[in-house]
Amino acid sequence: MNKQYIFVWEPETQKERPIYNTLVKIINEKSLTERFEVIRSPFIGFTTDGPIVRIMPENVIYTRFKPEDVEAIIDAHLKWKRLDKFILSYDNKHLPIPEKDTTSKQFKIVLRNIGYMDPESIDEYIMRGGYKALEKAIFDLNPDKIITEMKASGVRGRGGAGFPAGLKWELTKKEPGPQKYVICNADEGDPGAYMDRSVLEGDPHSVIEGMMIGGYTIGADQGYIYIRAEYPLAIERLEKAIAAAKEKGLLGRNILGSDFSFEIELRWGAGAFVCGEETALIASIEGKRGNPRPRPPFPSVSGLWGKPTFINNVETWANVPVIIEKGGAWFSSIGTEKSKGTKVFAVTGKVTNPGLVEVPMGTTIREIVFDICGGIQHNKKFKAVQTGGPSGGVIPEKYLDMPIDYESLQSIGSIMGSGGMIVMDEDDCMVDVNKFYLQFSVDESCGKCSPCRIGGKQILQLLEKITKGSGEKEDIEKIRSISLAMQKASLCALGQTTPNPVISALQYFEDEYVMHIEDKKCLTGKCRDLVEYVIITDKCIGCGLCAVRCPVKCITGEKRKPYLIDQKACIKCGECYNVCKFSAVKRG
Amino acid sequence: MYMEKVTGKMVDIKINGKDFNVDQGMTILEAARLAHVKIPTLCKHDDLPATASCGICVVKIKGNRKLLRACCTYVEPGMDITTHDGELYQVRKSVLDLILSTHPFLCLTCLRNGDCELQTLSEEFGIRSRPYKEMLQQAPKDASTKAIVLEPVKCIHCGRCVEVCQNIQKVYALEFVNRGFESRIAPAGDISLADSPCIKCGQCSAHCPVGALVEFSEIPKVWDALGKPEIFPIVQVAPAVRVAIGEAFGLPSGTILTKKLYALFRRLGFKAVFDTNFGADLTIMEESSELISRINTGKGAMPMITSCCPAWVDFLEKYYPDLIEHFSSAKSPHEMVGAMAKTYYAQKMKIDPATMFVVSVMPCTAKKYEVSRTEDMSSSGYQDVDVSITTRELVRMIKSSGIQLLELEDEEADSALGTYTGAGTIFGVTGGVMEAAIRTAYFFLTGRNLDKIDVDAVRGLKGVKSGEIDINGKKIRVAVAHGTGNVRAVMDELRAAKKAGTPMPYDFIEVMACEGGCIAGGGQPYQVTNAIRRKRTEGIYTDDKKSKLRRSHENPDVQQLYRDFLDKPLSPKAHKLLHNHYKARPLYYK
Amino acid sequence: MPKMKKGDLEKFRKAYKPGHKGEIMISMGTCGIAAGGDTVYRIFEEELKNKGLENIKLKKTGCLGMCFCEPNLVVKLEGMPEILYGNVDEKAAHSIVSEHVIKKNILNNYVIFMPSKDTGMNIFKD
């Protein structure tokens, strides 16, 4: 727990140190010893009058107060506020009590160790309580009890599908052995998502411990971590972690002296997003082309080399040791009714403070975007947030106060996905964003089934037509019928969810599409063929700044007279619009 | 070979509201047949396991918000299936529209015009317009093998050819290269088929639903020869053709049309009509003698392996060249007939062999490659067989000529190279060469004929069959394998024994590259399944049973050939004209 | 090293002595490294060695999730609060050693520090 430190300086004349004693007394009375630490300090500075107290980390300095006032000061700082009456100074540059608080709404379970320990040190992991869960699982619990805890926790697969993990544990355990496999899906392919990377780079042991507990429960002795080759640092840290665990007898044969043996191997991906799909991942480990297979049969029945296989995402595995140690009931006390626990989101895009946040399920989108991540950059207006990456949909302003969980996101046309959240503002064009996601999905399609292979390309081709200004009225209808075919008839979730960004954009931003198609206009300026920059003669004072900045020098004019943009030469870069201090350039 | 799973466990399901009690090993597609519904499919072939790629066969399952593919989903207790309704029609039609948007509309000039699964499905779904932009893949045609032609632009990505080439034949000449929309069929490394391990067996073309993989058509060459008065066109027909060609004219599989075919050939303009079965009898004479010579003298590698299947010969030369010495040096039957035609027959009938044009009608695409495989194939001084066409090409020739095959009167072949015994005709099925060889070898070794003429141990569709034949106290251990995927196991056994220095597990091995034997060859009519294989096989065995003579050595014209021309089996003349050599070939030429 | 058996983990925890008076943890995930974290690390390495501060442990850690202020690092010293510094450039790195570590003066311009409800498992008992 991060503490607050109270540095006290009292003039030498007061040998009894009344302030210091009062502070200590009150803190003990209120049982705040874990929270506040009182330290006798050398001279702090600023004044020699009366006691000087400096409270860190808020960096607030109080002076000229009496012992009776101490309680009030403590009460204020307990709430992370300050007591202005006695303030001598406080640091202006950082509001000591931040109004936008990035961490207090977070609840770190998966990210519990990251940033607080050296990931290459197994000693520190153990010191922070690591491998307690493994020891408990092997010696104090048995597989059935573990499954009971996992089911009680209500944790759902964090890779995107949200399948109840406890049920998957039960189904895989049921299958006859003797050979079963455990796989960790670390092929994080969503653009803009890096939660799994952070966990693997920052706390690889949590995943290893989780996998071992899983292996022990279902009766497997071999685990694979399928990690994308684009994460070399994570690979390096995992390899070191595995070697360190083996050396200590926490991995390998006869773990902790029991009969349980477990080996973990790494398998590198080769640049295919589709190999994050579980059956394609299995095909890839088998050395075959990374094509998905029809399900049923599900991997828990017949997976890697035909054996029962237990695949989970990195984040799910990282939750397991905590559930085992603190119990399923504790875990299910966090979150909403159907979605328990926390979720790590990688919030990127137009927010002021992008980064990783871990929040309990049920936190609203507004809290994440505006409270934790500081709202939209440059004071622009919020437009939408895309969750779930290329498989998800957009969430417009009207749903900002919706609590996040699996069901609620699905009900408005998006998905939780693996946790990527991309925030868009008024300068982002929905059609352009859709085009980006479709380009990604078309590129990453494996090509096996016709609906995805052909449908994705057809939708992309229609979007390109629309953004170039050749959109026709029937195009939206065509997009809808192709989307229906893809959603219903594709072999795997990549094809089934490829149309999601478009369908959800059509649900909430159809007017933008219509404007692109019928008016041939893009108001944000992102679709260069549909935007025109024109200087408003009434507002232009002829300063010439736009002409100076224009990269193709297509703006001409005389000083103090309105300037003119040559539309034929204009490349629609938008520089003039950005630099004009008089809002004299019209974009539309 | 794709076999239906029969588990014996029965489950209750509902299809379109009606109750059924079916075996749990059935897929929804199979179960729907009981409800009188043939769910539309495209990529599924009854002979192969489902690849689950096209997405046409989707059905609704109550309680599941996703649609599932009927071809690969097995029934489960309590399943409630809807096979067709408005939404399913819409989805299926959209998928078909998408597939058609990437398929060139070149039907009129395509080899599969009139016999194409995509055409049939489009007609059934009432496709009358093209709602989506045409987006074709630009990839060149590959006719480098001169036996099979690959046209990637027509491919609908069903995956059947890859399934056959990789998992059934285990030749690995075809694979999907690239990813997503850029994916297409090509050999590994995107090289030409001629540079790849392709053995030209044609199983890919026999399973392709559209015109992406077809036989290299040589019909114009044949018409050309038939039209020149100075040419002496000769034809021979393989055993497997006569029991399958009826299917193209509405007759059941296995109907024997031998004598009508003879009549047809004469109507087409062939001046001599021979039968490859004669060549088969001749092959047996040579091969049995060779086997006995190896057994008696101890010279020559044992076991001996048959070499009448050119796809198999190519397979061993590429994948197991260390076992080349085990091959019988005898040529294949049709090559023998060709060689004899341009020497024995030419001399006998005083025809200039330079004017002769020998056409083989075969169930096989590899024979197209065989006719110029080595110099031995021109042992007569001219190319012994000028061209080999497949059953499917003959069907087109017949239709374009207008001759009504089924109305013709029966005729006989020209006896010099046309008579055959039952042993010759069974060459068309797996186990037939072995059985024929045993019938004659028995006589050569003992001077007597086999009591039981049918050798059941080598019959049937099992991948590898083996047995022991007792020839007068001497035990000959035989193995019969069909489908190059199954053969590997046997060849690996030989390699292992060689390496360990243990005795070889067999004395005589018969191999056919195509499952079921030539009756299911790469050039035969489409839509083969095990049921059809069995029917065609039955036709062959009936032909055998009906024959007056059933042992190769009893063929009077064969006997005459030896008397007048070849002297005896394995004579120097026989070696020159009826035997050939083999050499190791690289798997990849690039 | 002999392999651990049941109960050894707890013994290890009880006996563990960090043996240093403070630590500096630099976020060295791929994001931190890309932002210049390895340069910062090297500067600290050098400085701590040159100034003879061997009892301060320099550690790499994972990504704290504060991507908007990379490179960032945490300074933990006995008797001082934990401070999270962000946007640490080379100049700041030198200053942190001379000002914060040696003189116990906090560099206010770089402080990000936000108090967080740390629900992680037990860490050093201060």
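Proteins come first, then strands; the chains are lettered A, B, ... in the order of their sequence lines, and each starts at number 1.
Across all non-hydrogen atoms, the minimal contact from A/P296 to B/E76 is CG-OE2, 4.3 Å. Residues A/R289 and B/R179 approach most closely at NH2-CA, 4.3 Å, considering heavy atoms. For the pair B/C54 and A/P451, the tightest heavy-atom approach, listed with the atom from each and the gap, is O-CD, 3.4 Å. Annotation for A/A489 and B/G55: closest pair CB-O, 3.7 Å, computed over non-hydrogen atoms. When all heavy atoms of A/Q458 and B/S101 are compared, the pair lying nearest together is NE2-OG, 2.9 Å. Residues A/P294 and B/C72 approach most closely at CB-SG, 3.4 Å, considering heavy atoms.
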*Worked check of side chain to side chain contact (heavy atoms under 4.5 Å, CB included) between A/S450 and B/L98*: CA-CA 7 Å; A/S450 305; B/L98 286 171; 5.9 Å; no
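Rounding to the nearest 0.5 angstrom, the gap separating the CG atom in A/L484 from the OG atom in B/S94 is 6.5 Å.
For A/E474, no part lies near chain B; criterion is any non-hydrogen pair under 4.5 Å. Interface remark: A/L462 contributes no atoms to any contact with chain B (heavy atom separation under 4.5 Å). Using a 4.5 Å cut-off between heavy atoms, B/V177 touches chain A through its backbone atoms (N, CA, C, O) alone.
Most heavy-atom pairs under 4.5 Å with chain A, from the set B/E182, B/R69, B/K93, B/R92: that is B/R69. Per-residue counts of heavy-atom pairs under 4.5 Å with chain A were compared for B/T73, B/V95, B/L68, B/D97; the largest is that of B/V95.
Between B/Y132 and A/S481, the closest side-chain pair of non-hydrogen atoms falls below 4.5 Å. In this structure, the side chains of A/K488 and B/K66 stay at 4.5 Å or more apart for every pair of heavy atoms.
By the neighbour-count criterion of 12 heavy atoms within 6.0 Å, atom CD of A/E337 is sparsely surrounded, having that number or fewer from other residues, nucleotides or ligands.
Not one N or O on the side chain of A/K448 forms a donor-acceptor pair closer than 3.5 Å with the backbone of B/H157.
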